Amino acid sequence: MKIIVFGIGGVYSKVKPYFDKKKAEITALVDNSRKLFGTLVDGHMVDLPEHIQNYKYDYVIITSNHDVEMRRQLIGLGIVPDQIIHYRDYMGSLPAEVPAVQTNISALGVLILSNDFGYHGGPIACMKLAHILKQKGYRVTIAVPRAEQEFLDETYSKEGIEVAVIKDLDFLSRENLEWTDEYAFVFANTFVMTRCAIKLAQKRRVYLWLHESVDSYAGYEYWYEEIVNGLANNQLIIGAVSDVARKNFLSIYHVEKNIGLFPYGIEDRFKENDSRAENGTTTFTVVANHVSLKGLDVLLDALQFVSAETGNQCRYLFVGKTYDSEYGRMVRNRIDKNAGCEYLGELSREKLFKVYSETDIVIIPSRRDSLPLVATEAMMLKKPCIISDSIGTARYIRHRYNGLVFRNEDRKELAELICWCLMNRDALKIIAENARRTYERWFTMEKFGDRVMDAVEMLKTADKEI
């Protein structure tokens, strides 16, 4: 196979070792940089893209994160679209190193394709799904592109469910996904697995479970047309964890397709002695990674509107992963400088529940969140929640009945609710009781189990009935 590589930057440096694996013959390196034109790189004189037609080639490989613009440029130069390959798709076409998965699985085998495993919503929801399926008698395998070892260890020790870590899983070619044919049913968890779901749905029914905020769809523009066409396949069934997740998806992909609501469920870990909200210091807990959509800056700004006298009665615990980014550094700096705030870092599930046990009130200041797990866990544990009205949980909350709701990004209103909590402890206890009832109505594992089995039945249904 003769290839031309378009883009000689950092991505190229990471990808070039993979060209040998497919015995690809590089006939030219091209780049838009005039500074690189005529220079020698890896034994090739770098040329300009407008000269591509001077070379013999089978495919042009785009090795850059400016993929959409570069593809458009190549088509404008007369390159046939079928001869243009994204570097991620090229890597996904290489022979896949698939760990030994169950063979001869029988009719009770279920495969869940999921995003990277770690301590965040999608993987945790995935484990709840796997738990239900295993409980219903299915043999479950989860496949992911990457996994944090601590989460993987905790997952296996607790559930005993097989997790296969398969590099570039989300970009594997249909040929490299043939091992999935062994399974009776396939769930694709999160939008990250959409392209896998589309490829598999060419031969079978697949259930795609959406969780994402609108931000998560950035980075998939290159495959937009492919995704839109694939979503139209009636063998691809789509469910969303919340109405917000559904709206987020439809705001990007305008498909005429029924997308049902498929909220997750969580185990009941409530113990009567977990409830606090007693006299003394009131502990507010925030569980969120340090990214803008989680709105940590909104909360930190709100604290400036809380009087010193009131603030002395409060402490704020921050749990979640921080990042070496401008936003991450800003959040850490402000937490560290506030005497009432304490950063606990990213915690395992068991350590997080120990934090919950000393929590009075949970705050979710997110700018946008589909159905944050922390809000559901708070309701389950009979902890009052203060939430932004922009998150999916708001659909289940009535202000001052089973939770407290503030207008998204309204710092002063959030500050007022924090102060209100200190002055209305008896009312908080009633709110906590009602929050618990909300969990029992919507988010128990029993309720989730019913929804999961409905989804399995949809996977069994004949195409004409979908």
Side-chain angles (χ1 to χ4, degrees), residues 114-128 142 144-158 163 165 170 189-193 211-219 241 245 264 266 283-301 303 315-338 340-359 362-378 385 387-388 390-393:
S114 189
N115 59 335
D116 294 352
F117 258 22
Y119 292 104
H120 48 281
I124 294 171
C126 175
M127 288 309 306
K128 307 305 180 189
I142 299 172
V144 298
R146 287 165 292 276
E148 295 177 12
Q149 192 61 46
E150 186 178 4
F151 183 83
L152 205 58
D153 292 343
E154 186 176 356
T155 293
Y156 188 79
S157 63
K158 187 175 180 180
V163 179
V165 180
D170 40 340
N189 181 52
T190 75
F191 181 78
V192 170
M193 287 297 144
H211 303 258
E212 280 78 1
S213 68
V214 72
D215 311 67
S216 303
Y217 294 100
V241 75
Y264 55 70
I266 59 173
T283 299
F284 297 84
T285 295
V286 186
V287 183
N289 291 339
H290 295 180
V291 291
S292 178
L293 71 89
K294 296 296 184 180
L296 294 171
D297 58 303
V298 175
L299 172 58
L300 292 165
D301 289 347
L303 298 186
R315 71 167 178 159
Y316 303 90
L317 303 179
F318 290 80
V319 177
K321 183 183 290 187
T322 193
Y323 300 94
D324 186 20
S325 62
E326 183 178 353
Y327 188 86
R329 290 189 295 271
M330 178 275 292
V331 168
R332 278 302 309 277
N333 184 52
R334 293 184 66 179
I335 291 173
D336 294 343
K337 287 187 175 180
N338 191 317
C341 297
E342 182 180 354
Y343 176 60
L344 303 180
E346 186 178 37
L347 301 179
S348 70
R349 301 291 294 155
E350 293 307 314
K351 289 178 181 177
L352 174 59
F353 275 89
K354 289 180 181 178
V355 173
Y356 281 142
S357 70
E358 57 184 79
T359 296
V362 173
I363 302 178
I364 298 109
S366 296
R367 290 182 164 90
R368 46 201 179 273
D369 235 330
S370 295
L371 195 67
L373 185 66
V374 59
T376 311
E377 289 174 339
C385 264
I387 68 169
S388 156
S390 67
I391 68 175
T393 312

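Predicted, not measured: the structure shown is a model, and the values here were computed from it. Note that these values count all heavy atoms, side chains included, but never hydrogens, waters or copies made by symmetry.
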Using only atom types and a distance under 3.5 Å, with no angle test, would you say the side chain of [X] pairs donor to acceptor with the backbone of [Y]?
| X | Y | value |
| --- | --- | --- |
| S370 | E212 | yes |
| Y264 | L371 | yes |
| R367 | S292 | yes |
| S388 | S366 | yes |
| Y343 | G320 | yes |
| N289 | K321 | yes |

Rounded to the nearest 0.5 Å, what separation is found between the [atom1] atom of [X] and the [atom2] atom of [Y]?
| X | Y | atom1 | atom2 | answer |
| --- | --- | --- | --- | --- |
| K351 | Y119 | NZ | OH | 8.5 Å |
| R368 | S216 | CZ | OG | 9.5 Å |
| K354 | R349 | NZ | CZ | 14.0 Å |
| C341 | D336 | SG | CG | 9.5 Å |
| I266 | I124 | CD1 | CD1 | 10.0 Å |
| E346 | H290 | CD | NE2 | 10.0 Å |

Nearest non-hydrogen partners of [X] and [Y], listed with the distance:
| X | Y | value |
| --- | --- | --- |
| R334 | D297 | NH1-O, 4.2 Å |
| F117 | P123 | CD1-CB, 3.6 Å |
| P372 | I391 | CG-CD1, 3.6 Å |
| P145 | V165 | O-CG1, 3.6 Å |
| G328 | T322 | O-OG1, 3.7 Å |

E326 atom CD: more than 12 heavy-atom contacts under 6.0 Å: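 Counting neighbours around CD of E326, 12 or fewer heavy atoms of other residues, nucleotides or ligands fall under 6.0 Å, so no.
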Salt-bridge criterion met for R315 and E358 (N-O under 4.0 Å):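 So R315 pairs with E358 through a salt bridge.
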Lys/Arg N to Asp/Glu carboxylate O, D324 vs R332, below 4.0 Å: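 Looking at R332 together with D324, the answer is no, because their closest N to O distance does not fall below 4.0 Å.
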V374 side chain near I364 side chain, heavy-atom distance below 4.5 Å: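 Heavy-atom side-chain distance check passes, below 4.5 Å.
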Residue pair I142 / M127, side-chain heavy-atom distance below 4.5 Å: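 I142 vs M127: side chains touch.
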Result of checking V331, I363, L299 against F318 for side-chain contact (heavy atoms from CB on, under 4.5 Å):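 Going through the options one by one, the only one that passes is L299.
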CA sep, side-chain torsions, deciding dist, call: L296, Y327, side-chain contact (heavy atoms from CB on, under 4.5 Å): CA-CA 10 Å; L296 294 171; Y327 188 86; 3.9 Å; yes
With H211, the side-chain hydrogen bond (donor to acceptor under 3.5 Å, both in side chains) member among T190, N115, N189: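 Among the candidates, only N189 passes.
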